[in-house]
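Numbered from 1 within each chain, the chains take letters A, B, ... in sequence-line order.
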Amino acid sequence: MEKILVTSALTYANGPLHIGHVAGSYLNADIFVRYNKLLGNDIIYIGGTDDYGTPISIKAEEEGVKPRVIAERYNKRMKKDLDGLNIQLDNFSGTSRPRHIKVSQDFFTNLLEAGYVNKKTLNQFYDEKHKRFLADRYIEGICPHCKSEGARGDQCDKCGKLIDAMSLIEPRSKISGEKPIIKETTHWYINLPKFEKQLREWLATKKYWKDNVLNFIMSWLNEGLIERAITRDLNWGIPIPLENTKGKVLYVWFDAPIGYISSTMEWAEKKGQPDLWKKYWLDPETKLIHFLGKDNIPFHTIIWPAVLSKQKEPFILPYDVPANEFLNLEGQKMSTSRNWTVWVEDYLKYFDGELLRYVLAANAPETKDSDFTWKDFQNKINNDLNNVLGNLANRTFIFIKKYLNGKVNKTENIDKLFAENLFSSGLNNNTPFYFDNLEDISDIINGIDESYKKYKVRRAVQLILLLTRIGNRYFDIEKPWVTIKKNRSEANETLFFCSELLRRISILFTPIMPEAMKKLRKMMNLADDFEWDDIKKVPESFKIGEVSPLFKKIEDAEIEKQLELLKEGSEIL
RNA sequence: GGCGGCGUAGCUCAGUCGGUUAGAGCAUCGGAAUCAUAAUCCGAGUGUCCGGGGUUCGAGUCCCUGCGCCGCUACCA
């Protein structure tokens, strides 16, 4: 049995959950966790919200409430959204909770005392009206290169050039619109160059990481690590634990990953075993796996391991960081500010969470950015789920009820059938590589197993669909509606095979569609508690219970409605 | 500007170490079947693998170059 600790990147609490979050770091993690639970591994799944930072603080000011109110609101709503998608974290915390504050401050202190933090003084823009230091992004002005208006402090969108905020002409605060003053401030920096050798040695042991992740890291390392500020001047954040440092807080991305630890502590406490978190975080046998979007790679593979390694307690370092790329929407980059996304809350008003799980799994941005379109959503549900899988289940069960008194019995040759090459005629020699060398159904099942292990959810989906196609073909070839008339046992054989195939699919598909598979199993009177190894355990018979369609088709009008809603823009923000 | 990635069928995408006639699903066309939610099954066509050059017995794959798109570029989080 393996011990695994899985995390999804903490989500920024300035809005509810959208499908980009789901595709980037939640669904893939949940599928991996569910698969491992079926295997019987000791696995916990931890996450939460990242509650601090300027955007939340500004939003709070606009609404005239405390930032904590905003963070708590979205934390709650996200939890609900995750529930609606059957994404089951063992704990969903938030970084504004007291425990997290204490742990983060200790982390800072330990790093400082170990000699890896330097203090520096620098000049920065300051908005006097809002009494706030301004991040580069919150300053606007005239670009010093192309002289056009509306350049931000970090970059000019017109000419694309990077800008040193201090060189902006006629700078003004994006928050108040007023001219900012330049003010001296002090910050603490993590001395990353001092970690370089250690990091390179550690990363050399991670050859099994995904290529996109390794590329990203190497580009950082090869540019040369520099010191990086881990504090900010803000009123909404974790105060740094030093004398005379009022208004200085930890930079959110310093404290956010620490949230994985504090969230695990919260989980342990809720379980009534406050030290249980140590069993995971302090045991070198634990595999720590961070699921996240590509934008988070450097934080989790450079800064986070560096910080972890200098604590007093022997924390484990990440075992794997299977980062996903981004999900686009109808061919365009998703953007919350342009309201170009699909909010889970909106989605759930119209469709079942399982359907989104399926579509995002089938089209996950595993190796490169992928595109979500409503038309594709409809196609995948109607074809893959409704027509191919749903119909296989329906025709099998209805047939058994109608012609075989609702029951089929195990046949002698069942193992042989599962070892026969039942699918090759539909494929030619140049099928995708993961279809090659598939001799029989057990090979396909092994392929699915391996795909889940390696976070290759798309491949798992393709192989499961291949199984359902085999079922439909077998049904057509054997023609039980003909054989039933002269040879009852022959029809029994066909239907037992199809039932057994569906039973195996109900296990194989559970990590992706747990509720739909539960429904499928219920129709077959199969138990809810099962494990991965049950795939091989053929029952003596199947008694079919009440039958209803597993899925239903999505009409064109429903899709048109979603496209309209997308154009209008959601109002849930 | 620098670094990295991407560009394959009408669409969404696979293509392992360089190896035979470049693949899947959807869409399209033709056929079969009638157990099933008109759901299924079989068959067929479709390609300047972004352009150009190079290495090689052999290139979608490796190298150079041009074009287009995207990400990162350390103070967005």
* Output all residues satisfying ring pair (Phe, Tyr, Trp, His ring centres under 6.0 Å) with A:Y116, sequence neighbours left out; order by chain, then residue number. => A:F195

* For B:C26, does OP1 or OP2 lie under 4.0 Å from any side-chain N or O of A:R469? -> yes

* B:G60 and B:G47: how far apart are their C1' atoms, nearest whole angstrom? -> 11 Å

* To do: Just call it for A:F299: base, sugar-phosphate, or nothing, with non-hydrogen atoms closer than 4.0 Å on any strand.
  => base

Please tabulate, for the side chains in residues 478-486 of chain A, all donor-acceptor contacts under 3.5 angstrom to protein atoms that are two or more places apart in sequence or on a different chain.
{"residue": "A:K479", "atom": "NZ", "partner": "A:D476", "partner atom": "O", "Å": "3.4"}
{"residue": "A:T483", "atom": "OG1", "partner": "A:P480", "partner atom": "O", "Å": "3.3"}

* Asked: Using purine N1 to pyrimidine N3 plus N6-O4 or O6-N4 for Watson-Crick, or N1-O2 and O6-N3 for G-U wobble, both under 3.5 Å, which nucleotide pairs with B:C17?
  -> none

* Integer angstrom distance from the P of B:A59 to that of B:U73 -> 40 Å

Under 3.5 Å, N/O pairs linking protein and nucleotides 68-72 of chain B:
{"residue": "B:G71", "atom": "OP1", "partner": "A:K333", "partner atom": "NZ", "Å": "3.2"}

* To do: Take the protein atom CG of A:D164 and the nucleotide atom C1' of B:U73, then report the distance between them rounded to whole Å.
  => 14 Å

* Asked: Roughly how far apart, to the nearest Å, are B:C17 and B:G5 at atom P?
  -> 16 Å

* What is the base-pairing partner of B:G47, counting Watson-Crick and G-U wobble geometry with both distances under 3.5 Å? -> none

* A:I381 CD1 - B:G25 P separation (whole Å) -> 18 Å

* Structure fact -> Mate of B:U37 across any strand shown (Watson-Crick or G-U wobble, both atom pairs under 3.5 Å) is none

* Based on the glycosidic angle (syn within 90° of 0, else anti), state the conformation of B:C70. => anti

* Can a donor-acceptor pair be found between the side chains of A:T95 and A:H100 at a distance below 3.5 Å? -> no

* Rounded to whole angstroms, how far apart are NZ on A:K456 and C1' on B:C13? -> 15 Å

* To do: Could you check whether A:G224 gets within reach of a base, just the sugar-phosphate, or nothing at all, counting any heavy atom under 4.0 Å?
  => base

* Structure fact -> With sequence neighbours left out, the residues meeting ring pair (Phe, Tyr, Trp, His ring centres under 6.0 Å) with A:F542 are A:F496

* Asked: Considering residues at least two apart in sequence or located in another chain, which fulfil the ring pair (Phe, Tyr, Trp, His ring centres under 6.0 Å) criterion with A:Y455?
  -> A:F32, A:F291

* Asked: Does atom NZ of A:K454 have more than 12 heavy-atom neighbours, drawn from other residues, nucleotides or ligands, at distances under 6.0 Å?
  -> no

List the atom pairs, donor and acceptor, that lie under 3.5 Å between side-chain atoms in residues 545-558 of chain A and the rest of the protein, sequence neighbours left out.
{"residue": "A:D556", "atom": "OD1", "partner": "A:Q378", "partner atom": "NE2", "Å": "2.8"}
{"residue": "A:E558", "atom": "OE2", "partner": "A:E555", "partner atom": "N", "Å": "2.9"}

* Would A:V249 and A:I240 count as a side chain to side chain contact (heavy atoms under 4.5 Å, CB included) if you check the C-alpha gap in whole Å, the side-chain angles of each, and the deciding distance to 0.1 Å? -> CA-CA 5 Å; A:V249 299; A:I240 66 171; 5.6 Å; no

* Asked: What nucleic acid atoms does A:P55 come within less than 4.0 Å of, heavy atoms only: base, sugar-phosphate, or nothing?
  -> sugar-phosphate

* Asked: If you measure from the C1' atom in B:A27 to the same atom in B:U21, how many Å do you get, rounded?
  -> 25 Å

* Where along residues 118-125 of chain A does a heavy atom fall under 4.0 Å from RNA chain B? -> A:L122, A:Q124

* To do: Sort out the partner of B:G71 for me: Watson-Crick or G-U wobble, both distances under 3.5 Å, none otherwise.
  => B:C3

* Report yes or no: is there a donor-acceptor pair, N or O only, under 3.5 Å between the side chain of A:Y251 and the base of B:A77? => yes

* **Crowding at NZ, A:K375 (>12 non-hydrogen neighbours, <6.0 Å)** => yes

* Taking only the side-chain heavy atoms of A:R228 (C-beta and beyond), determine which of B:U12, B:A74, B:C42 contains the nearest atom. => B:A74

In a table with atom names and distances, give each donor-acceptor pair under 3.5 Å that connects a side chain of residues 292-301 of chain A to protein atoms at least two apart or in another chain.
{"residue": "A:K294", "atom": "NZ", "partner": "A:E325", "partner atom": "OE1", "Å": "3.2"}
{"residue": "A:K294", "atom": "NZ", "partner": "A:D369", "partner atom": "OD1", "Å": "3.1"}
{"residue": "A:H300", "atom": "ND1", "partner": "A:N296", "partner atom": "O", "Å": "3.1"}
{"residue": "A:H300", "atom": "NE2", "partner": "A:Y260", "partner atom": "OH", "Å": "2.7"}
{"residue": "A:T301", "atom": "OG1", "partner": "A:I297", "partner atom": "O", "Å": "2.8"}

* To do: Name the pairing partner of B:A59, where a pair is Watson-Crick or G-U wobble with both distances under 3.5 Å, or state none.
  => none

* Within this structure, what is the NZ-to-C1' distance between A:K174 and B:C75, rounded to whole angstrom? -> 14 Å

* To do: Not counting sequence neighbours, which residues clear side chain to side chain contact (heavy atoms under 4.5 Å, CB included) with A:E184? List them please.
  => A:T121, A:N123

* **Enclosure of A:K522 NZ (heavy-atom neighbours >12, cutoff 6.0 Å)** => no

* Asked: Rounded to the nearest Å, what distance is computed from the OH atom of residue A:Y474 to the P atom of nucleotide B:C42?
  -> 15 Å

* Nearest whole angstrom, please: distance from the P of B:C13 to the CG of A:L463. => 19 Å

* Can you list the residues that meet the side chain to side chain contact (heavy atoms under 4.5 Å, CB included) rule with A:N405, with sequence neighbours excluded? -> A:R488

* **Non-neighbouring partners of A:Y189 that pass ring pair (Phe, Tyr, Trp, His ring centres under 6.0 Å), sequence neighbours left out** => none

* Structure fact -> Once base and sugar-phosphate atoms are separated, protein heavy atoms under 4.0 Å mark nucleotides 27-37 of chain B, 5' to 3', with B, S and - as S-----SSBBB

* Between atom CG in A:D376 and atom C1' in B:A24, what is the gap in whole Å? -> 14 Å

* Touch check for A:T54, heavy atoms < 4.0 angstrom, all strands: base, sugar-phosphate only, or nothing? -> sugar-phosphate

* Structure fact -> Between CG of A:L465 and P of B:U40 the distance, given in whole Å, is 12 Å

* To do: Quote, to the nearest angstrom, the C1' distance that separates B:C6 from B:C50.
  => 11 Å

* Counterpart base for B:C26, defined by Watson-Crick or G-U wobble contacts under 3.5 Å -> B:G10

* Integer angstrom distance from the P of B:C63 to that of B:U16 -> 14 Å

* **Phosphate contact (B:C11 OP1 or OP2) by A:T373 side-chain N/O below 4.0 Å** => no

* Nearest-Å distance once atom C1' is located in both B:G15 and B:G7 -> 15 Å

